Protein chains: 2
Amino acid sequence: MSDTPPAAAAGQPARRGPGLGTATRATRQGAAIAALLAGTPVFTTAQDLHTRLRQQGQPVGLTTVYRHLQVLADAGQIDVVRTPEGENLYRRCSTQDHHHHLVCRTCGRTVEIDTTEIETWTTRVATAEGFTDLDHTLEIYGTCATCATG
Amino acid sequence: MSDTPPAAAAGQPARRGPGLGTATRATRQGAAIAALLAGTPVFTTAQDLHTRLRQQGQPVGLTTVYRHLQVLADAGQIDVVRTPEGENLYRRCSTQDHHHHLVCRTCGRTVEIDTTEIETWTTRVATAEGFTDLDHTLEIYGTCATCATG
DNA sequence: GTAATTGCAAAGGATTTGCTCTGGT
DNA sequence: ACCAGAGCAAATCCTTTGCAATTAC
């Protein structure tokens, strides 16, 4: 065990966790992670989530945070983007449809953008060059109005 | 020194290397790296370049490879893209203008694509949302015709 | 001769894995 | 009781940094 005594079981729904095996169990950690993600509308790092969980008295191992994020991402329940620095940023997503983001590099605020025309364009260009089994990345970074002013 | 006897100084121009300090000296290593990059039309990793240099009898330390790549990239003489796995890929670029790539995930073959319309689009969308100081990433990955067939 | 460059070894930082203990069901 | 999940420590992977030895100029 750790050192910090768990803040006792709060009365939470306790969501289902990593489906590493076949079944899936509801754990305090899984619930805490899901809840935190649900209330976090910006892209954040695994490390940040880990820190905030400790602060709110719901300590969860960093490894566990990573494992849940991985499962959630695979299930398409959260988005993952890779920063130019090579760090992964996670965020709950409103739709499971394919989409891209406009991310504020200062506060993490994100705007999901409709990229229908771009999708069409990339497919057309790549196909014209004889490429198949396509995939692509597209993220726009900038400073949002609030951060630019304040 | 290493173990592999340098293939003696061939009669190469010996390009200028890392401008880490103020001046810049021409070294055998810098020339080898520049030459290899010049003859490599696909995106490759630093490790791969390092390995190939050894194979062709021009051993260069991995550290040195990284340092030269960094300098070349800063100077805009080579392109750098980050794979979803977090590895950097390098390639000489034909133009220093802003552009994007269509990369074969099997052989690394690359097609530089004109993205004028996309540039316009991203700027319009981001500006409409109040974002400034824009930057963006866009890469398309796929399997090229050759790799799909063979 | 002097300073830039090299390159080994070791550090760094994010993420993953091994393995044992804990805790849902 | 049984097996999925938690989590610590240690391992990975790529890339960077420290520093002494080398070498261009």
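Lettering follows sequence order; numbering is per chain, from 1. Please read these numbers as outputs of a predicted model, since none were measured by experiment.
Rounding to whole angstrom units, CZ of residue B:R25 and C1' of C:dT6 are separated by 12 Å. In this structure, the CG atom of A:D48 is 16 Å from the C1' atom of C:dT15, given to the nearest Å. Between the CG atom of B:L49 and the P atom of D:dT15 there is a distance of 11 Å, rounded to whole Å. Note: CG (B:D74) to C1' (D:dT16) measures 14 Å, nearest angstrom. The separation between B:L62 atom CG and C:dT5 atom P is 18 Å, rounded to whole Å. Rounded to an integer number of Å, the gap from A:R28 CZ to C:dG24 C1' is 14 Å. Straight-line distance from the NE2 atom of B:H50 to the C1' atom of C:dT6: 12 Å, rounded to whole Å.
Considering only side-chain atoms of A:H68, the nucleotide from D:dA6, C:dG7, C:dG24 that sits closest is D:dA6. Picking from D:dT15, C:dT15, C:dG24 the nucleotide with the shortest atom distance to the side chain of B:Y90 gives D:dT15.
A:T64 places no side-chain N or O within donor-acceptor distance of the main-chain N or O of A:V60, the cut-off being under 3.5 Å. No donor-acceptor distance shorter than 3.5 angstrom exists from the side chain of A:Q58 to the backbone of A:A32, with no hydrogens or angles considered.
For A:H100 and A:H136, the ring centers sit closer than 6.0 Å to each other. The distance between the ring centers of B:H50 and B:Y66 does not fall below 6.0 angstrom.
Taking each heavy atom of B:F131 and A:C144 in turn, the nearest pair found is CZ-CB, 3.6 Å.
Proximity of A:Q70 to the phosphate of C:dT15: no side-chain N or O atom is located under 4.0 Å from OP1 or OP2. For the OP1/OP2 pair of D:dG7 and a distance below 4.0 Å, the side-chain nitrogens and oxygens of A:Q29 include at least one atom meeting the criterion.
No hydrogens or angles were tested; on distance alone, a donor-acceptor pair under 3.5 Å links the side chain of A:R67 to the base of D:dG7.
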Output one line per pair: protein atom, nucleotide atom from nucleotides 10-14 of chain C, and distance, for all N/O pairs under 3.5 Å.
| unit_1 | atom_1 | unit_2 | atom_2 | d |
| --- | --- | --- | --- | --- |
| C:dA14 | OP1 | A:E87 | OE2 | 3.3 |

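Here A:E117 pairs with nothing under the salt bridge (Lys or Arg N to Asp or Glu O under 4.0 Å) rule; sequence neighbours left out. Scored by the side chain to side chain contact (heavy atoms under 4.5 Å, CB included) test, B:D48 finds B:T44, B:T45, B:R52 as partners (sequence neighbours excluded).
The 5' end of DNA chain D is approached more closely, in terms of each residue's nearest nucleotide, by A:T64 than by the other of B:T27 and A:T64.
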